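So you know, we letter chains A, B, ... as the sequences are listed, proteins then strands, and number each from 1. Because the structure is a prediction, the values reported are computed rather than measured. The figures here come from the full heavy-atom set of this structure, side chains too, leaving out hydrogens, waters and symmetry mates.
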Protein chains: 2
Amino acid sequence: MQKELDKRDLNVLSVLQNEARISNVQLAERVGLSPAACWERVKKLEARGYIRRYLGEIALEKLPGTINFMVLVTLKTHRADDFIKFETDIQKSAHVVRCVAVGGGFDYILEVVVAGMEAYKDFLSGFLERNGHIEKYSAHVVTKNVKSQSVDLNVLFADQI
Amino acid sequence: MQKELDKRDLNVLSVLQNEARISNVQLAERVGLSPAACWERVKKLEARGYIRRYLGEIALEKLPGTINFMVLVTLKTHRADDFIKFETDIQKSAHVVRCVAVGGGFDYILEVVVAGMEAYKDFLSGFLERNGHIEKYSAHVVTKNVKSQSVDLNVLFADQI
DNA sequence: ACAATTGACCAAAGAATATTCGGTATTGGC
DNA sequence: GCCAATACCGAATATTCTTTGGTCAATTGT
C-alpha cells in the first residue's frame, strides 16, 4: 500500500469533504476517473483513515432553546495521568461536542451544547465544578456562528496539487 | 408547512448527523417509515434549513505538516461596523475554518489550519497583525484532538422524544 | 534483462438504491 | 359535511452501487 496521497486522492478528499452525499458517479466525473476506480479510491481512503466519517451539519441554532458555548480549561496538575482522567470524563459527557488540547496559557478548549439555561447552569456547576482536576475555567456563550467551513485542501497544499 | 419538528424529524436528523452517507432505505428502516416517506422528510428538512450540508470529516492530522490552532481575539472597538469588517475579513481567509463570536472577556474564537510553520507565522504576522481592528489576540496550537462528535439530539431533547 | 508480481485502471453487468407517481387515509379549517 | 392540505404507502422506472474479470504499466526479484 502506498504511503502518500497523490493529486487525485487530494482531489477526492477535497470534494467529499464538502459534499459528502455526492454520488460516486458524479465524484468520478469530477476527479476524472471511472466510477469503479473512484469507488476503490474512496474505500481505500476510508480504510486508511483519511476519511473519518460523514456527517450532516444540523442547524442547531434553529432548534428551540439550544445554547452553545466554549469553555477554556486549566487543570490543577499536569501529570500524564491527570490529562487522561480529564479526557475520559470529557468523552462521557454528551454535551461536550468538541475538545482539543492546546498549548499556551491553558490546557483545553471545549465546545458544549445544552438545551436551555437550566442545562447550562447544570453543566457548569455539575460537570465542571465536580471534576476535581480543574483549577479554573471560563465559559463563553456563542452569540454568533460567523464561519464554519472545511479547509480548502487545494489552498493548503497548493504546491503539491 | 408545519413549524415544529416532530419526533420523527429529530430521529432523522439524529441519524443523518452521524451517518451522512446512509442509504435512504436504511434510514427509512431506522426511523420506521417507508423509503418514499422518509425521502420526502429529508428533502423537507434540507429545504427548511435544518440540515445545512453533508460533509466528510478528513483526518487533517494525517496530512503531512498541517498545524491546527485556535486564536482568541479581542477587537479594539465594538461598534456594529467593526464587527462586520472583521467578519468579512475572516470569511475571506481560506485558513480560518471556524469562527464564533462569544461573550465574556474577548470577542471571537477562531480555528485555523495551515500547512507548516512558515504558513503559521505568515498567518499571525500577515492576517492578524495587518488587520487594523484587532486589539490583542492569543494563538494556541492544538496538540491533540480529544473529541469531535455531534450532539446527541436524543439527549439534548430527551423530554421531547 | 526479463519474468513475476503488484497496483491502478476500465468496461460491463447484476443487485440495490433513488426518485417519481398515483392513490389512500387522516387532519384541520370553514 | 365538505374541502384542502398533509403524511403516508406501494409500485414502477431511472440511476446508482458494487462486483467481477481482464488490460496495462510500473515495480520487484532473480
Sugar-phosphate or base contact per nucleotide [nucleotides 15-24 of chain C; S, B, -; heavy atom under 4.0 Å]: --SSBB----
Working for salt bridge (Lys or Arg N to Asp or Glu O under 4.0 Å), residues A:Glu40 and A:Lys43: CA-CA 5 Å; A:Glu40 277 180 11; A:Lys43 289 300 151 193; over 6 Å; no
Rounded distance (Å) that lies between atom [atom2] of [N] and atom [atom1] of [X]:
X       : N     : atom1 : atom2 : answer
A:Leu45 : C:dA8 : CG    : P     : 11 Å
A:Asp6  : C:dA8 : CG    : P     : 9 Å
A:Leu33 : C:dC9 : CG    : P     : 5 Å

For the student: nearest non-hydrogen atoms of A:Gly105 and A:Thr74, plus distance: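 Closest approach of A:Gly105 to A:Thr74, heavy atoms only: O-OG1, 4.1 Å.
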Pairwise side-chain contact, A:Leu16 with B:Arg21, heavy-atom cut-off 4.5 Å (strictly under):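 Sidechains of B:Arg21 and A:Leu16: in contact.
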Check ion pair A:Asp82-A:Lys76 (N to O, under 4.0 angstrom):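 Between A:Lys76 and A:Asp82 there is no salt bridge, as every charged N stays at least 4.0 Å from the carboxylate O atoms.
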Under 4.0 angstrom between B:Arg8 side-chain N/O and D:dA7 OP1 or OP2: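 For B:Arg8, the contact criterion (side-chain N or O under 4.0 Å from OP1 or OP2 of D:dA7) is not met.
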Hydrophobic cluster partners of A:Met70 (side-chain heavy atoms under 4.5 Å):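 Direct or chained contacts put A:Met70 with A:Leu72, A:Val100, A:Val102, A:Phe106, A:Ile109, A:Val142, B:Met70, B:Leu72, B:Val100, B:Val102, B:Phe106, B:Ile109, B:Val142.
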Reference residue A:Leu60; test side-chain contact (heavy atoms from CB on, under 4.5 Å); the match among A:Val113, A:Ile67, A:Val97: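 Answer after filtering A:Val113, A:Ile67, A:Val97: A:Val113.
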Candidate nucleotides D:dC8, C:dC10, D:dA7, ranked by approach to the side chain of B:Lys44 - the nearest: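 For the B:Lys44 side chain, the nearest candidate turns out to be D:dA7.
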